[in-house]
Amino acid sequence: MKHFIIVKFKDEVNVKEILDPIKKLFEKALSIEGIEKVEVHVSNMNLQNRHDLMIEMELSLMALDEFDNSKIHKQWKEEYKTYIADKTIFDCD
């Protein structure tokens with residue numbers, strides 16, 4: 001399955017400054033069995049009605065559950081929640 005985390009950062013956030021640490025954090029998820037791919041996409045448009053970042057993961061349903069309960073996910077939520085204005089989670093086959 002595919003798991004997407006789509007993020008709109010607050011206006012004052014410099015996405016370029018936090019992009020590398022976010023990529024490194026999510027790359028650690030590849031160590032979880034069943035996670036086949038992690039890609040971080042940055043929007044090429046800087047418009048008010050656009051989101052800034054999309055994290056795309058390919059994984060099994062079991063791996064999604066493990067990821068949701070992982071230190072990686074907890075760190076993402078704790079360290080970056082203050083930067084996020086809006087977030088969408090989308091799962092599909």
Side-chain angles (χ1 to χ4, degrees):
M1 70 179 283
K2 291 187 178 192
H3 175 71
F4 297 91
I5 304 167
I6 305 165
V7 179
K8 173 73 175 170
F9 290 110
K10 294 177 181 175
D11 290 339
E12 64 271 13
V13 174
N14 182 340
V15 178
K16 291 179 183 178
E17 286 182 4
I18 61 173
L19 181 60
D20 196 46
I22 290 171
K23 283 182 177 182
K24 287 179 180 172
L25 177 63
F26 275 88
E27 285 172 1
K28 292 178 185 178
L30 291 168
S31 67
I32 297 172
E33 186 176 336
I35 296 181
E36 302 296 325
K37 178 176 105 172
V38 174
E39 289 185 11
V40 178
H41 306 276
V42 179
S43 176
N44 61 3
M45 302 296 290
N46 189 17
L47 299 173
Q48 192 63 30
N49 65 342
R50 300 288 197 274
H51 281 54
D52 302 298
L53 187 77
M54 182 175 73
I55 300 160
E56 176 184 0
M57 303 173 79
E58 286 188 20
L59 67 175
S60 68
L61 188 55
M62 219 163 57
L64 178 58
D65 187 51
E66 190 171 336
F67 173 74
D68 280 345
N69 294 299
S70 71
K71 290 180 182 180
I72 299 162
H73 190 239
K74 288 179 178 120
Q75 183 178 347
W76 160 248
K77 289 169 71 173
E78 289 172 10
E79 287 187 23
Y80 295 96
K81 68 181 174 185
T82 59
Y83 299 119
I84 296 173
D86 193 22
K87 180 174 72 169
T88 300
I89 306 300
F90 184 81
D91 298 309
C92 62
D93 290 324

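For reference, positions follow the sequence shown, starting with 1. In this text, all values refer to a predicted model and were calculated from it rather than measured experimentally.
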Minimal non-hydrogen separation, [X] against [Y], with atom names:
X: F67; Y: H73; result: O-CB, 3.1 Å
X: I5; Y: F26; result: CD1-CE2, 3.8 Å
X: I32; Y: S70; result: CD1-CB, 4.1 Å
X: I84; Y: K10; result: O-CE, 3.7 Å

Is any side-chain heavy atom of [Y] closer than 4.5 Å to one of [X]?
X: Y80; Y: L25; result: yes
X: E27; Y: V40; result: no
X: I89; Y: H3; result: yes
X: W76; Y: I22; result: yes

Crowding at [atom1], [X] (>12 non-hydrogen neighbours, <6.0 Å):
X: N69; atom1: CG; value: yes
X: F90; atom1: CZ; value: no
X: L19; atom1: CG; value: yes
X: N49; atom1: CG; value: yes
X: E12; atom1: CD; value: yes

message: Using only atom types and a distance under 3.5 Å, with no angle test, would you say the side chain of K8 pairs donor to acceptor with the backbone of K87?
response: no
Only distances under 3.5 Å count here; give the side-chain donor-acceptor pairs of residues 51-60 to other protein atoms, sequence neighbours excluded, each with its distance to 0.1 Å.
from : atom 1 : to  : atom 2 : distance (Å)
D52  : OD2    : F9  : N      : 2.7
E56  : OE1    : H41 : NE2    : 2.9
E56  : OE2    : K37 : NZ     : 3.2
E58  : OE2    : K37 : NZ     : 3.3
S60  : OG     : A63 : N      : 3.0

- request: State plainly whether one hydrophobic cluster holds both I35 and L61, where clusters connect Ile, Leu, Val, Met, Phe, Trp and Tyr through side-chain heavy atoms under 4.5 angstrom apart.
  value: yes
query: Is it the case that one hydrophobic cluster holds both L30 and M1, taking links as side-chain heavy atoms less than 4.5 Å apart, direct or via other members?
result: yes
- request: Would you sort out whether V38 and K28 count as a side-chain contact (heavy atoms from CB on, under 4.5 Å), showing the intermediate values?
  value: CA-CA 9 Å; V38 174; K28 292 178 185 178; over 6 Å; no
- prompt: Step by step, would you call D68 with L64 a side-chain contact (heavy atoms from CB on, under 4.5 Å)?
  reply: CA-CA 6 Å; D68 280 345; L64 178 58; 4.1 Å; yes
